[in-house]
Amino acid sequence: QVQLVESGGGLVQAGGSLRLSCAASGRTWSSYHMGWFRQAPGKEREFVAGISWSGKSTYYADSVKGRFTISRDNAKNTAYLQMNSLKPEDTADYYCAAAGRYGSTSPEDFGSWGQGTQVTVSS
C-alpha cells in the first residue's frame, strides 16, 4: 500500500509550464507503476501519462504527447509530471495514482490515489 500527495498545481498562462509532484510514503514505493490522470468539473477522469516502476518505460495520452513528460525519482519517493506548452483545455484537477501492472489507461487498474492538485490555464 502507498499513500500519495500531489502538489505543484496553480494558475498559468497558455504556453507556460508547470511541474507537478507526487510524494509517496510506503516501503514498497518503487514496486508500483505510476500514472497521472486529470478530471475537469462535471467531466469524467481521463488518463494522462504512465510510467513503469523502474522509470524506464512511459506512455502518454495523445492529447499531451510531446508536451508532457512523466518521470520518477525512486530515491526521493516522488513522481513528476512536467507540463509544457499548456493550453486552456489542460485545465483540470490532476491526480497521481499507483498500480500493480504497467500499461493501463483505466482508472480501475490504479488502486491508490492522491487527493489531486488543481491546474488552471488561462488564455
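Note that these values count all heavy atoms, side chains included, but never hydrogens, waters or copies made by symmetry. Note that this is a predicted model, so its numbers are computed, not measured.
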Legend entry - CG-NE2 distance between Asp109 and His33, expressed to the nearest 0.5 angstrom: 11.0 Å
Legend entry - Connected via hydrophobic side-chain network under 4.5 Å: Val48 and Leu20: yes
Legend entry - Derivation and outcome, side chain to side chain contact (heavy atoms under 4.5 Å, CB included), residues Arg38 and Ser63: CA-CA 12 Å; Arg38 65 187 182 186; Ser63 60; 3.6 Å; yes
Legend entry - Residue list, side-chain contact (heavy atoms from CB on, under 4.5 Å) with Ser7, at least two apart or on another chain: Ser21
Legend entry - Distance, nearest 0.5 Å, that separates CG of Leu4 from CG of Asn77: 10.5 Å
Legend entry - Minimum-distance pair of heavy atoms, taken over all atoms of Thr78 and Lys76: OG1-O, 2.9 Å
Inset, instruction - Work out which heavy atom in Ser85 is nearest to a heavy atom in Ser17; give both atom names and the distance. - result: N-OG, 4.3 Å
Inset, instruction - First locate atom OG of Ser106, then atom CZ of Arg45, and finally report the distance between them rounded to the nearest 0.5 Å. - result: 11.5 Å
Inset, instruction - Any chance you could measure Thr69, atom OG1, to Met83, atom CE, to the nearest 0.5 Å? - result: 11.0 Å
Inset, instruction - Taking all non-hydrogen atoms of both residues into account, name the closest pair between Glu6 and Trp36 and its distance. - result: CG-CZ3, 3.9 Å
Legend entry - Tyr60 side chain vs Ile70 backbone, donor-acceptor pair below 3.5 Å: yes
Inset, instruction - Indicate, with yes or no, if Val5 and Tyr32 share a hydrophobic cluster defined by side-chain heavy-atom contacts under 4.5 Å among Ile, Leu, Val, Met, Phe, Trp and Tyr. - result: no
Legend entry - Any donor-acceptor pair under 3.5 Å from Thr58 side chain to Ile51 backbone: no
Inset, instruction - Find out if a path of hydrophobic residues (ILVMFWY) with successive side-chain heavy-atom gaps under 4.5 Å connects Val2 to Tyr102. - result: no
Inset, instruction - Using the rule that two of Ile, Leu, Val, Met, Phe, Trp, Tyr join whenever any of their side-chain heavy atoms come within less than 4.5 Å, decide whether Leu81 and Leu18 are in one cluster. - result: yes
Legend entry - salt bridge (charged side-chain N to carboxylate O under 4.0 Å, His left out) partners for Lys56, two or more places apart: none
Legend entry - Aromatic ring proximity, centroids under 6.0 angstrom, Tyr95 and Phe110: no
Legend entry - Listed partners of Arg67 passing salt bridge (charged side-chain N to carboxylate O under 4.0 Å, His left out), at least two apart: Asp90
Legend entry - Test of ring centre spacing under 6.0 Å for Phe47 and Tyr59: yes
Legend entry - Over 12 foreign heavy atoms within 6.0 Å of CZ, Arg19: yes
Inset, instruction - List the steps, then state whether side chain to side chain contact (heavy atoms under 4.5 Å, CB included) holds for Leu86 with Phe68. - result: CA-CA 9 Å; Leu86 282 162; Phe68 291 10; 3.9 Å; yes
Legend entry - Distance, nearest 0.5 Å, that separates CG of Asp93 from CD of Gln39: 7.5 Å
Inset, instruction - Count the heavy atoms belonging to other residues, nucleotides or ligands that lie under 6.0 Å from CD of Gln3, then report whether that count exceeds 12. - result: no
Inset, instruction - State yes or no: do Val119 and Tyr80 share one hydrophobic cluster built from I, L, V, M, F, W and Y residues joined by side-chain heavy-atom distances below 4.5 Å, directly or via other members? - result: no
Inset, instruction - Mind checking the CE-OG spacing from Met34 to Ser112? Nearest 0.5 Å is all I need. - result: 8.5 Å
Inset, instruction - Write down the atom of Pro88, the atom of Ala14, and the distance for their closest heavy-atom approach. - result: CD-CB, 4.1 Å
Inset, instruction - Assess whether atom CD of Gln13 is packed by more than 12 heavy atoms of other residues, nucleotides or ligands within 6.0 Å. - result: no
